[in-house]
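These notes concern the structure reproduced below.
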Amino acid sequence: GNRRRQLFRAGIDQLGQDEQLDYDNTAYAMLHRLRSEWPCLSFDFIRDSLGSNRTRYPVTSFMVAGTQSADPKNNKILLYKMA
């Protein structure tokens, strides 16, 4: 329906039984969804030589993450290129 949107403040506001959080796609100039087989407990952005103040598309960034699987032999280091 046509429900009123409002900002949710984590740690302050409470969700009702019939409520769920959603994002407003118009708030983002660029949005990426990353998925991995296992949870990533650590991640970082990798410094590159493309400039620190990118204002024109395509905007590219690189990220590295480490997974933590139930079985350590399945752990992976992931490298993402986001553009």
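Quick caveat, the model's predicted, so the values are computed rather than measured.
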For Leu50 and Thr60, which heavy atoms make the closest approach, and how far apart are they?
CD1-CB, 4.1 Å

Pairing donors with acceptors under 3.5 angstrom, does anything connect the side chains of Thr26 and Asp24?
yes

Please set out all donor-acceptor pairs under 3.5 angstrom arising from side-chain atoms of residues 34-47, sequence neighbours excluded.
residue: Ser36; atom: OG; partner: Trp38; partner atom: O; Å: 2.4
residue: Glu37; atom: OE1; partner: Lys76; partner atom: NZ; Å: 3.2

Nearest-0.5 Å distance that lies between atom NZ in Lys81 and atom NE2 in His32:
11.0 Å

Linking I/L/V/M/F/W/Y whenever any side-chain heavy atoms sit under 4.5 Å apart, do Tyr80 and Phe62 land together?
no

At what distance, to the nearest 0.5 angstrom, does OG1 of Thr67 lie from CG of Asn74?
8.0 Å

Between atom CG of Leu15 and atom CG of Leu21, what is the distance when rounded to the nearest 0.5 Å?
4.5 Å

Of all heavy-atom pairs between Val64 and Ile77, which one has the smallest distance, and what is that distance?
CG2-CG2, 3.7 Å

